Undergrad: 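I am attaching a structure below and will ask some questions about it afterwards.
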Amino acid sequence: MGRYCSQVFTLVTLLLILDNLCVCFCNNSTSICRDQEREALLQLRRSLVDPSGLLSSWEGKDCCRWEGVICDRVHGHVINLQLLPQPTKDETSPMGPMLLLVDGELNSSLLHLRYLNHLDLSGIDSNHGKIPEFIGSIKQLRYLNLSFANFHGTVPQQLGNLTKLEVLDLGNEDKNLVVDDILWVSHLQSLKYLDMSGSMISNERVLMQVISMLPNLLHLSLSGCGLHNFHFSSNRLANSTSLVHLQYLDLSSNLFESPMPSTLFQNMTSLQHLDLSLNFFHSLIPMWFDKFTSLAYLNLEGNLVDSIEGGLFSFLKNMRYLKSLHLCSNQIGEEISTTQGNSSGLIENSLESLEICSNHLKGALPDWLEHFTKLKSIKLFDNFFSSPIPSLIGSLSNLETLDLSGNGLNGTIPPSIGRLSSLRLLDLSYNELAGHIPESLGKLRALQELLLHNNHLEGVITEIHFSNLSRLKELWINNNNNLSFKAKPSWIPPFQLVVIGMNSCKFGAKVPRWIQTQVNTIDIILSNASLFGPLPSWLANLTLSKLDLSDNQITGPLPEWLANLTFSKLDLSVNQITGPLPEWPANSTFSELDLSFNQITGPLLEWPANLTFSELDLSFNQITGPLPKWPTNSMFSELDLSFNQITGPLPEWPANSTFSELDLSFNQITGPLPEWLANLTFFELDLSGNQITGPLPKWPANLMFSELDLSVNQITGPLPEWPANSMFSDLDLSFNQITGPLPEWPADSTFFELDLSFNQITGPLPEWPTDSTLSELDLSSNQIIGPLPEWPANSTLSELDLSSNQIIGPLPEWPANLMFFGLFLFNNQIIGPLPEWSANLTFSILDLSCNHIIGPLPNMSTNCSYLDLSHNLISDSLPTDIGIMYQVSTLFLNDNLIGGTLPSSLCNMELVALNLAKNSLFGSILDCWNDSLSFLTLSFNKLSGVIPSSLGSLPHLTTLHLNGNHLNGELPQALDYCTSLAILDLGENNLSGSIPTWFDGSFHSLLILRLRENRFVGNIPPQLCSLSRLRILDMAMNNLTGMIPHCLGNMSGMINLNQTNSSGSVAVAPIQDIIFVPNEYGIVWDREHVVEILKGRHNEYTKIVLQLVVNLDLSSNFLNGSIPEELSFLSRLHGLNLSHNHLSGDIPIGIGNMRSLESLDLSNNHLSGIIPQGISALTSLAHLNLSQNDLMGQIPKGNQIQTLDDPSIYAGNPLLCGDLLRKKCFSVETPQPQKVPHPKDTHEEDKLDRMLFYVVVMLGFTIGFWGFFEVLQFKKDWRRAYFSFVDQVADKAYVAIVVKVAKLKRLRLSRSM
């Protein structure tokens, strides 16, 4: 309950002991307890169940020696009874052990303990019984603790008779106690400690009136009592001085809202501990907190606070005795690095713990933290800080916990952290930190947890980094950019780790031997660690819970000792393990074994008896042959054999086989479904993606499958009649060739989810039975015709998908009577206006897009969270009160005929996604968006004005499309805070000014940046080069000047790191960068549309193509200088357009390395020199334009470039020659310009080959040179003939050069005229 709770508790207990001077523990006493009191205790024991033998000492005559019993030394009376030895709340909570249970009702024999003043029943299990009323008759009690004793019902008012009571603890977490009339508490005038946490207080109006009548109260805890604001509405409280001595107040986990009322606390000037966490307080943290001059602990976690009045620094500076400030899980969105007033000099403070995690803090980490030298814990995780970690953090010598994870911190880890000698936890994970891990971290002798994972750290980790970390228990350095680990084979670490998390840390070796020294390790995660070779035999000696060696280059067959392992989870997936599966011995038990994505071959062996696998994954291998017969008593919870080459029909399984989940999908299983399948019980059976043919069998009654997936097969024929008692939780027959109309549904069949999409089902929909249990029905992409039939009002259907059919006519009225969760009717032929029931939708999801709905959008008061009316003919303006649809989080109205301005009531909606593109909206963009907005599309309208700065206050903004409007002005500085942006499209507007320099590495998620066709001026800022994930950069058709930054060639999002470059070096890119982008950014790519000019034409990209396209377009500007050779490093580019600029110099010689290039446009520049021969290596090139330059020499030849046979590609280059131009070239080979080396090339030529090459060249030169001149030395007539020939060649060369220069001058003169 906190330090001050313990202090108050101890103080009260000490007073009670001092009040009884003749008290001692009976173990040190010679007194013998009274017979009547001993018998009372024995009766109490008989009413208890003691499975742990806690009261085993309750034997013999002297009860004063019994455990938990304290007697008066002089008279032998029992004065203190404590049944459980450890009554702390952490150990007696419902999550802890219950050591004593009440059998029936608690015995009233306690009434015979007439001198009892201390009764502690905390932690016992009363078995939902009531608090006994007779306790109110033990009037001499001063201490009563009934906390966490599983009492239920009403707290008896008889407790109000205990007028001597100083401590009353009724705290619990189950909220099973009710205080129906709290007036009895006012009788407890001696009360100093009151804890009623978890009790529901009914008579709310008099609560604080009663509390104010307790003049000696020091400690008050009302956590989780369901209190509202009106519980503290009494005016008497504001004028009361009775709470002036209150030191501890806990009002957490209640229902308080609105700003914090100052009247509630104005007289509590002695407060030391204040807990208001887990309420609904909003607005700001007021300055009047500084009147609590003794406050040491303040907890406001889990509220809706959005700022701190005067700033955090001023707040802490004024609270000089504050030791702990907890503000986590609020909405504070300000910069805390700024200060008001002077922050220099000594600041008197006591702060030890600062926790402001899970807020919206941004900007830089504050430098003023160096003044709070007593800090032991700093927790600022899960915010939006975007600065380097200040080195001054190393001056906080008392720091024990530093958690800055989940931010956007950049730069390097400061070596000064190594000076924090008391540090136990260092968590810098999930940031953008780069550079090397400083060796000074190895000096942190007290460090127990080191978490640096999910950053961009690089370099080599050695033994020095761990030299003094003898107390380290958890190591997490996984998922960094280019981190490697090098240690001597004989290295013995100084620590004993419990968790080793080093996945994606490159070892480049076999499984390191030092791991076998870690005898306390539970989890080892070394996936994607460049480990190779076979599995070492010493792994069999480890006792682990989890071993993950996935995604490495482990080779060889599976070892025999694998069958005897006791690991809970072994993951060897994504390796190069070959050979057949081993023979599992009988009685083998694996919890989880993952061998997927290997090269395991051969057929499946016969499974031995009593084989038990909780989860076995053999998917994505090369297992062949038919399935074996299963033993009768084998047990698999989950078996995955998908994506193999298993053939033949399904074998007959024994009727008592137990499979929770069996996945045989995407194999080559053939034949019809067997009849015996109906006799089995599967939770999930997946046979999708096979070659199962024929019609569906007639399944018998009582068929029971939880989930059956037969999709993507070749099942034909009509649907059979479902048996009356069949039960499917989920049946998927999609992507087959099922024909005919839908059969009548039997009244008592049980289907919860049925998917018949993408078949050839025809005819109208049948009538639905009134008692159908169907919850989800998907009939999309069939040939169902006609209007919608009427569903019964009591239908249980929650989700209906009839999209992409041929349903016609207007929407009927009957959907108004149903409680659909989702109704999908998009891509049909629904006509007419929206019906009246649409104004009061009860659906959660309604999709009517791609129909022919006309008329205006009605005034809708809806509970719908997802509303899609896009691609219709909806006209007129948006309703002015559209904001009443406050529950709509996703609203798509794009591609309609909507006009007018944006109504201001849009700001009242808790929108996550809004798409109003391709309408006729005009006016300005609203300046009042709710911070829940993540996806905003207003493109292709007629909006004007400036981009509102309020968009910069949207912390979750992921995509912003404002292209195709008439916006003007400069980009607002506030957009600097939208660092979560993945797509920013501002093209086709009238924006001006320079490209902002704040487009830097803090935009770590930015994939697409379109600024084309605006009026931007100035240079291209080099900060754009740090947009590491950028895949589309389009700044064409602006007024940009200057040179192209060379660093653009370093944008890793445009580099295919999987591709081997010309020097042989290979880097590996994580596959999730390409495939799993939607999961990473939460983008629904089907909804994203980006227009790019590629291959000389406008292309609209969406869905998977948009995720993969990579394009750089800087055309139609005023850029000058040469094309940086570094651009040729962008090997992932599909399109490069630098046309219509003033570029000069050569085409980069490394152009041939851009193997993904499909479109290259360098036309209308001043490029000179020859066309590099490497351009012929661009095998994907489909569009090339080099026209209107000063290129010369022969057009390169090659397979792909030969197909580009349009002469206009090279037009306007008079010095080019080649067959395509019908202009012959001289046979002299054109010299190639020197290639600039790739900055990441690390390939070194073999030194021996190089040396041999030099030796051979020198020998050849020596022999040839001296051999030739020795002949001339002895043959005089040969010597004269030779030098005469040289003179003639020199004269001819001189004449040829003079003539050629004259022709070139005349040619250029004619062109200039």
Side-chain angles (χ1 to χ4, degrees), residues 437 450 452-454 457-463 465-466 474-493 495 497-519 521-562 565 567-579 582 592-600 617-618 620-621 1057-1058 1060 1065-1072 1242:
I437 297 175
L450 177 60
L452 304 177
H453 56 284
N454 293 87
L457 300 172
E458 58 186 12
V460 180
I461 301 174
T462 66
E463 300 100 317
H465 290 87
F466 305 104
E474 294 191 22
L475 174 63
W476 295 94
I477 56 175
N478 46 296
N479 297 332
N480 278 285
N481 265 3
N482 191 19
L483 207 58
S484 59
F485 185 89
K486 302 294 181 184
K488 297 179 180 178
S490 59
W491 180 56
I492 299 178
F495 46 67
L497 295 176
V498 177
V499 178
I500 302 175
M502 301 180 72
N503 49 304
S504 300
C505 184
K506 306 305 179 186
F507 285 79
K510 297 180 179 180
V511 179
R513 296 186 62 87
W514 63 263
I515 289 180
Q516 63 181 318
T517 67
Q518 303 299 294
V519 296
T521 303
I522 297 176
D523 292 346
I524 298 178
I525 308 172
L526 292 176
S527 60
N528 189 29
S530 298
L531 299 174
F532 59 82
L535 293 169
S537 58
W538 51 260
L539 280 176
N541 302 324
L542 298 180
T543 303
L544 300 173
S545 173
K546 176 181 179 180
L547 175 61
D548 187 351
L549 297 175
S550 62
D551 199 10
N552 283 288
Q553 291 89 45
I554 295 174
T555 56
L558 293 169
E560 295 181 359
W561 50 260
L562 188 67
L565 287 181
F567 299 168
S568 295
K569 182 175 181 180
L570 175 60
D571 192 345
L572 297 173
S573 61
V574 197
N575 277 286
Q576 300 172 21
I577 297 173
T578 57
E592 296 181 35
L593 176 60
D594 192 344
L595 297 172
S596 60
F597 292 94
N598 277 284
Q599 301 171 26
I600 298 173
D617 192 344
L618 296 171
F620 293 92
N621 277 285
L1057 297 177
N1058 286 318
T1060 303
S1065 63
V1066 179
V1068 178
I1071 193 170
Q1072 61 265 26
T1242 59

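If you read the sequence from its start, that first residue is 1, and numbering goes on from there. This structure is a prediction, so every number in the text was calculated from the model and none was measured. FYI, side chains are in, hydrogens and waters are out, and symmetry mates aren't considered; it's all heavy atoms of this structure.
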Undergrad: Can you find a pair of side-chain heavy atoms, one from Ile554 and one from Leu535, that are under 4.5 Å apart?
TA: yes
Undergrad: Is the shortest side-chain heavy-atom distance between Ile515 and Leu526 below 4.5 Å?
TA: yes
Undergrad: To check you understand the geometry: which heavy-atom pair defines the closest contact between Cys505 and Ser484, and what is its length?
TA: SG-C, 4.0 Å
Undergrad: If you measure from CZ on Phe620 to OG on Ser596, what distance do you get to the nearest 0.5 Å?
TA: 8.0 Å
Undergrad: Measuring from atom CG of Leu497 to atom OG1 of Thr517, what distance do you get when rounded to the nearest 0.5 angstrom?
TA: 8.5 Å
Undergrad: Taking the side chain as everything from C-beta on, heavy atoms only, tell me whether Trp476 gets closer than 4.5 Å to Val499.
TA: yes
Undergrad: With side chains defined as the heavy atoms from C-beta onward, is the minimum distance between Leu483 and Ile461 less than 4.5 Å?
TA: yes
Undergrad: Do the side chain of Asn480 and the main chain of Asn482 share a donor and acceptor less than 3.5 angstrom apart?
TA: no
Undergrad: Measuring from Ile525:CD1 to Ile500:CD1, what's the distance to the nearest 0.5 Å?
TA: 10.0 Å
Undergrad: Is there a side-chain contact between Asn478 and Met502 in this structure, where contact means two heavy atoms from C-beta onward sitting under 4.5 Å apart?
TA: no
Undergrad: Could you check whether any side-chain N or O of Gln518 sits under 3.5 Å from a backbone N or O of Phe495, counting only pairs where one atom can act as donor and the other as acceptor?
TA: yes
Undergrad: What is the distance from atom CG of Asp548 to atom CG of Leu572, rounded to the nearest 0.5 Å?
TA: 8.5 Å
Undergrad: So does Asn575 get a backbone contact from the side chain of Asn552, meaning a donor-acceptor N/O pair under 3.5 Å?
TA: no
Undergrad: Answer whether the closest heavy-atom distance between the side chains of Asp617 and Leu593 falls below 4.5 Å.
TA: no
Undergrad: Report the C-alpha separation of Leu595 and Ile600 in whole Å, then their side-chain angles, then the decisive distance to 0.1 Å, and conclude whether the side chain to side chain contact (heavy atoms under 4.5 Å, CB included) test is met.
TA: CA-CA 8 Å; Leu595 297 172; Ile600 298 173; 3.9 Å; yes
Undergrad: Surrounding CD of Glu560 (heavy atoms of other residues, nucleotides or ligands, distance under 6.0 Å), is the total greater than 12?
TA: no
Undergrad: If you take all heavy atoms of Pro557 and Ile577, which pair is closest and at what distance?
TA: C-CG2, 4.4 Å
Undergrad: Give me the atom names and distance for the closest heavy-atom approach of Pro512 to Phe507.
TA: CG-CE2, 3.7 Å
Undergrad: Which heavy atom of Asn621 sits nearest to which heavy atom of Gln599, and what is that distance?
TA: OD1-N, 3.4 Å
Undergrad: So, Asn479 and Asn503: side-chain donor and acceptor under 3.5 Å apart, yes or no?
TA: yes
Undergrad: Heavy-atom distance under 4.5 Å between the side chains of Leu539 and Leu547, does that happen here?
TA: yes
Undergrad: When rounded to the nearest 0.5 angstrom, what is the spacing between CD in Glu463 and NZ in Lys486?
TA: 12.0 Å
Undergrad: Give, for atom OG of Ser545 and atom CG of Leu570, the distance between the pair rounded to the nearest 0.5 Å.
TA: 11.5 Å
Undergrad: Determine, stepwise, if the pair Thr543 / Ile522 fulfils side chain to side chain contact (heavy atoms under 4.5 Å, CB included).
TA: CA-CA 7 Å; Thr543 303; Ile522 297 176; over 6 Å; no
Undergrad: Could you check whether any side-chain N or O of His453 sits under 3.5 Å from a backbone N or O of Gly501, counting only pairs where one atom can act as donor and the other as acceptor?
TA: no
Undergrad: Indicate yes or no: at least one non-hydrogen side-chain atom of Trp538 is less than 4.5 angstrom from one of Val511.
TA: yes
Undergrad: How about Trp514 and Phe485: are their ring centres within less than 6.0 Å of each other?
TA: yes
Undergrad: How about Asn528 and Ser504: does a side-chain donor come under 3.5 Å of a side-chain acceptor?
TA: yes
